[in-house]
A.B. asks: 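Got a structure here, written out as structure tokens. Questions coming.
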Amino acid sequence: MPRTLKSTPRRDGFRMPGEFEPHAGTWMLWPERPDNWRLGAKPAQEAFAAVATGIAAAEPVTVGASAVQWENARQMLPEGVRVVEVSTNDAWARDTGPTFVVDGRGRVRGVDWIFNAWGGLEGGLYFPWDKDDLVASKVLEIERVDRYRAPFVLEGGAIHVDGQGTVITTEECLLNPNRNPGLAREDIEKGLKDYLGIDTVIWLGRGVYNDETDGHVDNLCCFVRPGEVALTWTTERDDPQYEISRDAFERLSAARDARGRRLKIHKLPQPGPLVMTAEEASGVELREGSRPRMAGDRMAGSYVNFYLANRRVVMPLLDPRTDARAMRILRRLFPRREVVGVPAREILLGGGNIHCITQQLPLGRGVRVVARARPRRRVA
């Protein structure tokens, strides 16, 4: 049976691998809460199923669904996708699932961060979040992977690593007092080093404009390979995103990674700006303890929020004016991977996107690989 370890990944010789390294599979969670997903989450479920189908062509996919939704998820997902019963508060596998780490012997373990719904009672997005804080430990039990319980709040979308000792993150998120008010920057850096097995932290300032996660880096910037990053970008100087991206560009240009390299920066166009329509907002139920969805709200759309599967890049389609250009850039960045697009506005309406609803399980010794699905339909 999996153990809960008292040490740290760094002390035991483990590191978080880059997302571009080989996977044993992908974890997702099934959406259902009507106060976050419109029309009883039916449109979001179609979008999640399309993402799962797109990934399953390249690697195994497991979807956790509640007891109420298990049969519906099983019917909507391809036969080869594994569906397991997992109770949750919502469907953000990147943030509530474990962060997996590996060592030089090929062993895989998982980090279980404390989760407080992106801010707890001081700015969090819903209450309660008790079921979501248990998701990581449940996933590790199912995968029979040993567990580290980190002693501080962190979400998986707040970090991106190069697998060679470097992490990028944002001050807006990790230094926000609604996460770890008793920890200084130096304490956060030590925690990242201990639990990700990294040596260098590259701090960006703010995340994508109006990102309700308090600026997760996975919506702003990500590693495409060691020494190279993709950054969301706009040339519109009067757009509030312009100064955010420009500041990030300057910080990245001045940074050195853990191996002393300067970073090569690739710019991905910003879609939109995208706003929630009155029709979309009216389909979301208003409940106590949840963030209201309002017509006219600007959404934090970003093409950086893609998922790297073994032989595929699954990217969000968000804006016909910029989708094709973003896809061309990603195809250039990943010439050995097939780049496929999935209509993702319904995911964005819930506050995130494709990277936010996925969590990679790295390939390693002792990790079971579930049979790969055969997609029922082609993804555009």
A.B. asks: Please list, one pair per line, the donor and acceptor atoms closer than 3.5 Å that link side chains of residues 122-130 to other protein atoms, with sequence neighbours excluded.
C.D. replies:
| unit_1 | atom_1 | unit_2 | atom_2 | d |
| --- | --- | --- | --- | --- |
| Y126 | OH | D132 | OD2 | 2.3 |
| W129 | NE1 | F115 | O | 3.4 |

A.B. asks: Suppose we screen for side-chain hydrogen bond (donor to acceptor under 3.5 Å, both in side chains). Which residues come up paired with W233, at least two apart in sequence or across chains?
C.D. replies: none
A.B. asks: Does NZ belonging to K193 count more than 12 external heavy atoms closer than 6.0 Å?
C.D. replies: yes
A.B. asks: Let me check something: do F249 and V224 share a hydrophobic cluster, defined by ILVMFWY side-chain heavy atoms less than 4.5 Å apart, either directly or through other members?
C.D. replies: yes
A.B. asks: Would you please name every residue forming a side-chain hydrogen bond (donor to acceptor under 3.5 Å, both in side chains) with D162, sequence neighbours left out?
C.D. replies: T166
A.B. asks: Could you pull out all residues at least two apart from T277 that satisfy side-chain hydrogen bond (donor to acceptor under 3.5 Å, both in side chains)?
C.D. replies: E280
A.B. asks: Scan residues 215-227 for pairs that pass salt bridge (charged side-chain N to carboxylate O under 4.0 Å, His left out), counting only residues two or more places apart or in two chains.
C.D. replies: R225-E228
A.B. asks: Would a line drawn from the ring center of H160 to the ring center of H355 be shorter than 6.0 Å?
C.D. replies: yes
A.B. asks: Got a sec, which residues hit ring-ring contact (aromatic ring centres under 6.0 Å, His included) with W27, two or more places apart in sequence or on another chain?
C.D. replies: none
A.B. asks: For L317, does its backbone N or O pair with a side-chain atom of D323 as donor and acceptor, under 3.5 Å?
C.D. replies: no
A.B. asks: So, are R291 and D35 salt-bridged, with charged N and O less than 4.0 Å apart?
C.D. replies: no
A.B. asks: Tell me which pairs pass salt bridge (charged side-chain N to carboxylate O under 4.0 Å, His left out) where either residue lies in residues 236-249, with sequence neighbours left out.
C.D. replies: D239-R298, E243-R246, R246-E250, D247-R251
A.B. asks: Can you run down the salt bridge (charged side-chain N to carboxylate O under 4.0 Å, His left out) pairs that involve residues 107-117, sequence neighbours left out, and say none if there aren't any?
C.D. replies: D12-R109, D103-R107, D112-R147, D112-R149
A.B. asks: Donor-acceptor pair, distance only, cut-off 3.5 Å: does the side chain of N116 make one with the backbone of G119?
C.D. replies: yes
A.B. asks: Do Y303 and I329 belong to the same hydrophobic cluster, where Ile, Leu, Val, Met, Phe, Trp and Tyr are linked whenever their side-chain heavy atoms lie under 4.5 Å apart, directly or via other members?
C.D. replies: yes
A.B. asks: Without hydrogens or angle criteria, can the side chains of Q69 and N72 be said to hold a donor-acceptor pair below 3.5 Å?
C.D. replies: yes
A.B. asks: Would R331 and E338 pass as an ion pair if we require N to O under 4.0 Å?
C.D. replies: no
A.B. asks: Could you check whether any side-chain N or O of R38 sits under 3.5 Å from a backbone N or O of K42, counting only pairs where one atom can act as donor and the other as acceptor?
C.D. replies: no
A.B. asks: M315, M299: one ILVMFWY side-chain cluster at the under-4.5 Å cut-off?
C.D. replies: yes
A.B. asks: Under 3.5 Å, side chain of N310 to main-chain N/O of P22, donor-acceptor pair present?
C.D. replies: no
A.B. asks: Under a 4.0 Å N-O cut-off, is there an ion pair linking E21 with R15?
C.D. replies: yes
A.B. asks: For the residue pair H23 and Q360, confirm or rule out a side-chain donor-acceptor distance under 3.5 Å.
C.D. replies: no
A.B. asks: Between V342, N353, I357, T358, which is the residue that forms a side-chain contact (heavy atoms from CB on, under 4.5 Å) with Y307?
C.D. replies: T358
A.B. asks: Taking NZ, NE, NH1 and NH2 as the nitrogens, is one of them in R293 or E279 under 4.0 Å from a carboxylate oxygen of the other?
C.D. replies: no
A.B. asks: Verify whether one side chain among Q164 and D257 offers a donor that lies under 3.5 Å from an acceptor in the other.
C.D. replies: no
A.B. asks: Are L348 and V284 joined in one hydrophobic group, where the rule is that I, L, V, M, F, W and Y side chains link up if heavy atoms are under 4.5 Å apart?
C.D. replies: no
A.B. asks: Determine yes or no for a side-chain-to-main-chain donor-acceptor pair under 3.5 angstrom, with R10 supplying the side chain and G191 the backbone.
C.D. replies: no
A.B. asks: Mark yes or no for whether R345, through its side chain, and L274, through its backbone, hold a donor-acceptor pair below 3.5 Å.
C.D. replies: no
A.B. asks: Is it true that Y242 and L231 fall in one hydrophobic cluster, defined by side-chain heavy atoms closer than 4.5 Å?
C.D. replies: no
A.B. asks: Remaining members of F152's ILVMFWY cluster at a side-chain heavy-atom cut-off under 4.5 Å?
C.D. replies: L5, F14, M16, V101, V111, W113, Y148, L154, I159, V161, V167, L174, L175, L183, I188, L192, Y195, L196, I198, V201, W203
A.B. asks: Going by the rule ring-ring contact (aromatic ring centres under 6.0 Å, His included), which residues pair with F306 if we only count those two or more places apart in sequence or in a different chain?
C.D. replies: F334
A.B. asks: Taking A91's backbone N and O only, do any of them form a donor-acceptor pair with T88's side chain (distance below 3.5 Å, no angle check)?
C.D. replies: no
A.B. asks: Go through the steps to decide whether D146 and L140 satisfy the test side chain to side chain contact (heavy atoms under 4.5 Å, CB included), and finish with yes or no.
C.D. replies: CA-CA 7 Å; D146 289 341; L140 296 173; over 6 Å; no
A.B. asks: Do R33 and S290 meet the criterion of a side-chain donor-acceptor pair at a distance under 3.5 Å?
C.D. replies: yes
A.B. asks: With side chain to side chain contact (heavy atoms under 4.5 Å, CB included) as the criterion, how do K264 and L252 come out once you've worked through the C-alpha distance, each side chain's angles and the decisive distance to 0.1 Å?
C.D. replies: CA-CA 9 Å; K264 185 175 182 180; L252 291 165; over 6 Å; no
A.B. asks: The criterion is side-chain hydrogen bond (donor to acceptor under 3.5 Å, both in side chains); which residues satisfy it with S66, sequence neighbours excluded?
C.D. replies: E32
A.B. asks: For residues 40-88, which residue pairs qualify under ring pair (Phe, Tyr, Trp, His ring centres under 6.0 Å), counting only residues two or more places apart or in two chains?
C.D. replies: W37-F48
A.B. asks: Please check: side-chain N/O of Y209 versus main-chain N/O of A300, any donor-acceptor pairing under 3.5 Å?
C.D. replies: no
A.B. asks: Please answer whether the main-chain N or O of G157 pairs with a side-chain N or O of D95 as donor and acceptor at a distance below 3.5 Å.
C.D. replies: yes
A.B. asks: Could you tell me if K138 and S87 have a donor-acceptor pair between their side chains, going purely by distance under 3.5 Å?
C.D. replies: yes
A.B. asks: Within the 3.5 Å criterion, strictly below it, is a donor on T26 or E59 matched to an acceptor on the partner's side chain?
C.D. replies: yes
